[in-house]
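Note that ligands are numbered from 1 as they come in the structure, with each ligand's atoms numbered from 1 the same way.
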Amino acid sequence: MARISYVNGRYLAHKHAQVSVEDRGYQFSDAVYEVWSVMGGRLADLDGHLIRLQRSLNALRIDRPMSMAALMVVLNEVVRRNHIQEGMVYLQISRGVAPRDHAFPVNTKPSVVITARSVDRAAADLKAQSGVKIISQPDIRWGRCDIKTVSLLPNVLAKQIARDQGAHEVVFVDRDGFVSEGASTNVYMVDQSGVVKTRTLSANILAGVTRANLLQLASERQIRIEEGAFTLAELKSAREVFITAATSFLMPVICVDGHIIHDGKPGPLSAQLRAIYIEQARLSAGIV
Ligand code: PDD
């Protein structure tokens, strides 16, 4: 079946889906993006990602090219045309096409690209049952990591170092020695007294939609949560470590920089929270 992608008002065969070489997203990373998971053919946490999209657009002063209602129609249509049941949708909005000049061009129309693909959830579940390895890297990113821009070079380079070392993800450590987040995930630890800890939201990390939902679900279940800062050494001595993102939900971590976490198996709280999160995400997608 041919893959279909959306580019500026048109549904195209994926191999013919293209933007101009003068698109500001290509020239300057002058673009924002969002990623949704698709469950049972429906977008999960639709509103949370749309709200963050609007925040990112506001931060870069890019006009929303269509109404939220129209955007929702197009997102769902891309899912439908690709017959996706379990998968993900990627949306990118750039400032548009203009002769290359760093400052904002006048009256450009933002470019919209939407792609979708299926994901093997059974394989992801198996991975979650055994847990993944991560490695640390210095956080050399800019001061506005709260904006979901496509400007991801430090994340790309760090992820490749992880890949070269057979690791699944990177945990970024800031200049003060504190864990910030992953290259494409938020990072959590469960300390020896069972408290779930994750970095406080600031301009230095992305406010994960998965993170927000998970913390809400955990607090409703009287699971103790602490937003703050913890060091790499504290992470390594945790009882459990896990990461979250729309694409993988909650993934248990069993090894950091070659150091085995606890007994080297995904912990009970990670497994419980993963199950709770997936149940909520399915509900948010309208699946009962
Ligand atoms: N990444 N932190 C970073 C740097 C991210 O890139 C992401 C998501 C997250 C988790 O956010 P959320 O829970 O809203 O997916 C945290 C997406 C999945 C990506 O870049 O593909």
Side-chain angles (χ1 to χ4, degrees), residues 25 29 31-39 43-57 59 75 86-93 113-119 121 124 127-128 132 134 136-163 168-174 178-189 196 198-218 227 241-251 253 273-274 276-278 280-281 284-285:
S29 303
V32 301
Y33 76 106
E34 273 301 331
V35 182
W36 284 263
S37 66
V38 177
M39 303 174 103
L43 279 93
D45 296 323
L46 180 60
D47 293 350
H49 289 278
L50 286 176
I51 291 166
R52 188 173 62 191
L53 172 69
Q54 188 60 61
R55 265 192 39 213
S56 300
L57 288 169
L75 288 164
E86 299 297 314
M88 51 160 286
V89 177
Y90 177 91
L91 160 75
Q92 181 169 321
I93 301 178
V113 169
I114 303 173
T115 59
R117 65 176 170 82
S118 293
V119 168
R121 292 263 192 260
K127 203 176 222 180
V132 297
I134 64 175
S136 64
Q137 283 292 300
D139 195 345
I140 58 165
R141 300 174 302 160
W142 72 324
R144 289 304 308 272
C145 296
D146 58 321
I147 309 170
K148 199 163 174 63
T149 79
V150 301
S151 184
L152 291 170
L153 205 45
N155 311 54
V156 167
L157 295 176
K159 197 79 139 199
Q160 187 56 38
I161 294 170
R163 194 63 50 84
H168 175 84
E169 173 60 311
V170 169
V171 51
F172 281 131
V173 179
D174 69 18
F178 294 111
V179 167
S180 47
E181 61 178 336
S184 58
T185 57
N186 290 113
V187 176
Y188 310 73
M189 60 171 274
V196 178
T198 195
R199 190 70 189 258
T200 322
L201 294 183
S202 71
N204 297 329
I205 69 166
L206 186 73
V209 174
T210 317
R211 177 190 183 281
N213 290 335
L214 187 77
L215 294 186
Q216 172 72 27
L217 290 166
E227 292 175 73
V241 174
F242 60 87
I243 53 180
T244 64
T247 39
S248 54
F249 312 134
L250 183 157
M251 189 56 70
V253 172
L273 287 171
R274 177 176 164 86
I276 293 167
Y277 179 77
I278 290 175
Q280 175 276 331
S284 81

| Taking heavy atoms and a distance under 4.0 Å, where does Thr185 meet ligand 1: side chain, backbone, both or neither? | backbone
| task | Verify whether one side chain among Asn204 and Ser180 offers a donor that lies under 3.5 Å from an acceptor in the other. | result | no
| Polar-atom distance check: Glu181 versus ligand 1, any N or O pair below 3.5 Å? | yes
| query | Do any nitrogen or oxygen atoms of Asn155 come within less than 3.5 Å of a nitrogen or oxygen of ligand 1? | reply | no
| ligand 1 contacted by Tyr90 (non-hydrogen, < 4.0 Å) | no
| Is the shortest distance from a heavy atom of Met88 to ligand 1 less than 4.0 Å? | no
| remark: Ranking Ser184, Ala207, Gly208 by closest non-hydrogen atom to atom 5 (C) of ligand 1, top hit is Ser184
| query | In terms of ring plane angle, is the pair Trp36 and His49 parallel, tilted or perpendicular, where the classes change at 30° and 60°? | reply | tilted
| request: Kindly confirm or rule out an N or O of Asn186 lying under 3.5 angstrom from an N or O of ligand 1. | output: no
| Rounded to the nearest 0.5 Å, how far does CG of Leu214 lie from CZ of Phe249? | 12.5 Å
| message | Below the 3.5 angstrom mark, is there an N/O of Val209, backbone or side chain, next to an N/O of ligand 1? | response | yes
| query | Got a donor-acceptor contact below 3.5 angstrom from the Arg199 side chain to the Val179 backbone? | reply | yes
| query | Leu250 versus Thr210: any side-chain heavy-atom pair under 4.5 Å? | reply | no
| message | Any nitrogen or oxygen of Arg211, side chain or backbone, less than 3.5 Å from one on ligand 1? | response | no
| Glu169 bridged to Lys159 by N-O distance under 4.0 Å | yes
| query | Side chain of Arg52, backbone of Ala207: donor and acceptor closer than 3.5 Å? | reply | yes
| message | Quick check: Ala246 and ligand 1, any N/O pair under 3.5 Å apart? | response | yes
| field | Close approach, Ala183 and ligand 1, non-hydrogen under 4.0 angstrom | value | yes
